Amino acid sequence: SVNAHSAAGAGGDVIVERHIADQSWPSSLVLNLADSNWHEWSRRLVLLADRSYVSDYLDGSLACPDPVTHKAAHQIWKRTDRSLRAFILERVFSDEYDATSNFDTAHQVFEALRTRHEKLGLHAQINLLRKAFEICYEPGTPMNSTSRELRTVHDRIVKMGAFDNDKLLTVLLVNSLGRNYPQLQS
């Protein structure tokens with residue numbers, strides 16, 4: 001059935017209005033490039049979108065209905081998308097907000113944040129490699145916790161792009177600047 005908060009869109013799909021809120025979202029979980037917390041932040045956001053039935057808005061697979069042929073569905077889609085977009089932007093650090101608030105849809109904001117956090121470049125990859133090499137199994141820490149931490153760092157490194165021979169040489173050269181020329185590393 002179609003009511004004031006739902007309308008038929010193209011192909012007979014029913015667009016239902018959703019207000020996005022989550023009281024369980026930790027107040028301390030604010031996306032920040034300096035905190036390197038994209039993995040946890042995006043995982044929670046994807047789960048929230050699934051739970052709230054707005055995953056298609058987040059991943060961009062639900063197109064906005066035509067405002068002429070499906071006016072009510074178009075308006076409902078816009079309100080739901082703005083609610084998700086606002087939810088995302090309320091949970092990012094000011095630098096992230098400044099870099100992404102100019103995008104019109106929740107999907108565009110999310111993809112811009114993903115690009116910003118996953119495609120950080122060679123210097124970030126080097127820092128993550130250093131972090132990975134500093135992680136050690138410790139007698140007082142469960143091995144599965146350390147393995148999980150290593151897997152998380154590995155996944156982040158892989159998402160930044162593959163190493164070819166030239167990139168590996170660049171990593172070695174930049175890393176060798178470390179102690180004596182840190183100002184040249186970035």
Side-chain angles (χ1 to χ4, degrees), residues 20 22-51 54-55 57-61 84-103 105-186:
I20 312 307
D22 185 0
Q23 300 303 319
S24 68
W25 189 282
S27 61
S28 62
L29 185 55
V30 176
L31 184 61
N32 186 353
L33 203 54
D35 292 341
S36 298
N37 60 353
W38 167 254
H39 182 75
E40 174 64 17
W41 186 92
S42 64
R43 182 184 68 82
R44 279 188 167 270
L45 183 64
V46 167
L47 291 172
L48 168 80
D50 286 346
R51 199 171 52 247
V54 293
S55 297
Y57 290 83
L58 190 62
D59 68 21
S61 62
L84 179 58
R85 182 180 174 277
F87 183 90
I88 293 168
L89 291 172
E90 287 172 344
R91 285 153 183 85
V92 300
F93 192 67
S94 60
D95 288 347
E96 310 302 319
Y97 181 90
D98 293 344
T100 60
S101 63
N102 59 318
F103 291 98
T105 67
H107 171 68
Q108 291 170 340
V109 169
F110 183 68
E111 289 304 315
L113 289 168
R114 178 195 313 271
T115 299
R116 186 169 159 84
H117 286 263
E118 288 183 357
K119 309 295 183 200
L120 294 174
L122 186 59
H123 185 67
Q125 265 183 316
I126 292 170
N127 287 336
L128 281 175
L129 282 168
R130 284 183 184 147
K131 179 179 179 179
F133 289 135
E134 291 174 4
I135 297 170
C136 295
Y137 290 98
E138 300 289 342
T141 304
M143 292 185 91
N144 65 344
S145 295
T146 304
S147 296
R148 190 175 323 112
E149 184 180 5
L150 284 166
R151 181 171 288 123
T152 299
V153 172
H154 169 265
D155 291 347
R156 290 179 59 203
I157 292 168
V158 168
K159 286 179 181 176
M160 290 180 178
F163 283 98
D164 59 19
N165 291 339
D166 292 336
K167 193 171 185 181
L168 181 57
L169 176 59
T170 304
V171 166
L172 295 172
L173 292 170
V174 170
N175 186 62
S176 69
L177 296 170
R179 282 184 300 252
N180 299 313
Y181 303 99
Q183 70 278 12
L184 299 176
Q185 285 187 311
S186 56

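In this text the structure is predicted, and so the values were computed from the model without any measurement.
- In the model, Thr105 has no side-chain atom that pairs as donor or acceptor with a side-chain atom of Tyr57 under 3.5 Å.
- In this structure, the side chain of Asn37 engages the main chain of Asn32 through a donor-acceptor pair within 3.5 Å.
- Atom CD of residue Gln108 and atom CZ of residue Arg85 lie 9.0 Å apart, to the nearest 0.5 angstrom.
- The side chain to side chain contact (heavy atoms under 4.5 Å, CB included) search around Val30 returns Phe93, not counting sequence neighbours.
- Atom CG of Leu48 and atom OG of Ser24 lie 8.0 Å apart (nearest 0.5 Å).
- Within the 4.5 Å cutoff, no side-chain heavy atoms of Asp59 are placed close to those of Phe110.
- At a threshold of 4.5 Å between non-hydrogen side-chain atoms, the residues Trp38 and Arg114 count as touching.
- Contact between Thr146 and Cys136 at its shortest, heavy atoms only, is CG2-O, 3.8 Å.
- Within a 6.0 Å sphere centred on CZ of Arg151, other residues, nucleotides and ligands contribute 12 heavy atoms or fewer.
- The two atoms that bring Ala132 and Leu150 nearest to each other are O-CD2, 3.8 Å, heavy atoms only.
- Using a 4.5 Å heavy-atom cutoff, the side chains of Arg91 and Leu45 are not in contact.
- In this structure the side chain of Thr100 never reaches within 4.5 angstrom of the side chain of Ile88, judged on heavy atoms.
- Here the straight-line distance linking atom OH of Tyr97 with atom CG of Leu89 works out to 6.0 Å at 0.5 Å rounding.
- Side-chain atoms of Arg44 and Pro26, non-hydrogen and from C-beta on, do get closer than 4.5 Å to each other.
- Salt-bridge annotation for Lys131 and Glu134: absent, with no side-chain N of the basic residue lying under 4.0 Å from a carboxylate O of the acidic one.
- Annotation: the span from Glu111 atom CD to Leu58 atom CG amounts to 8.0 Å, rounded to 0.5 Å.
- The CZ atom of Arg116 lies 6.0 Å from the CG atom of Asp95; values are rounded to the nearest 0.5 Å.
- Taking the ring pair (Phe, Tyr, Trp, His ring centres under 6.0 Å) definition, one finds that Phe103 meets it with nothing, sequence neighbours left out.
- At a threshold of 4.5 Å between non-hydrogen side-chain atoms, the residues Glu96 and Leu113 count as touching.
- The structure places OG1 of Thr141 at 11.5 Å from CD1 of Ile135, a figure rounded to the nearest 0.5 Å.
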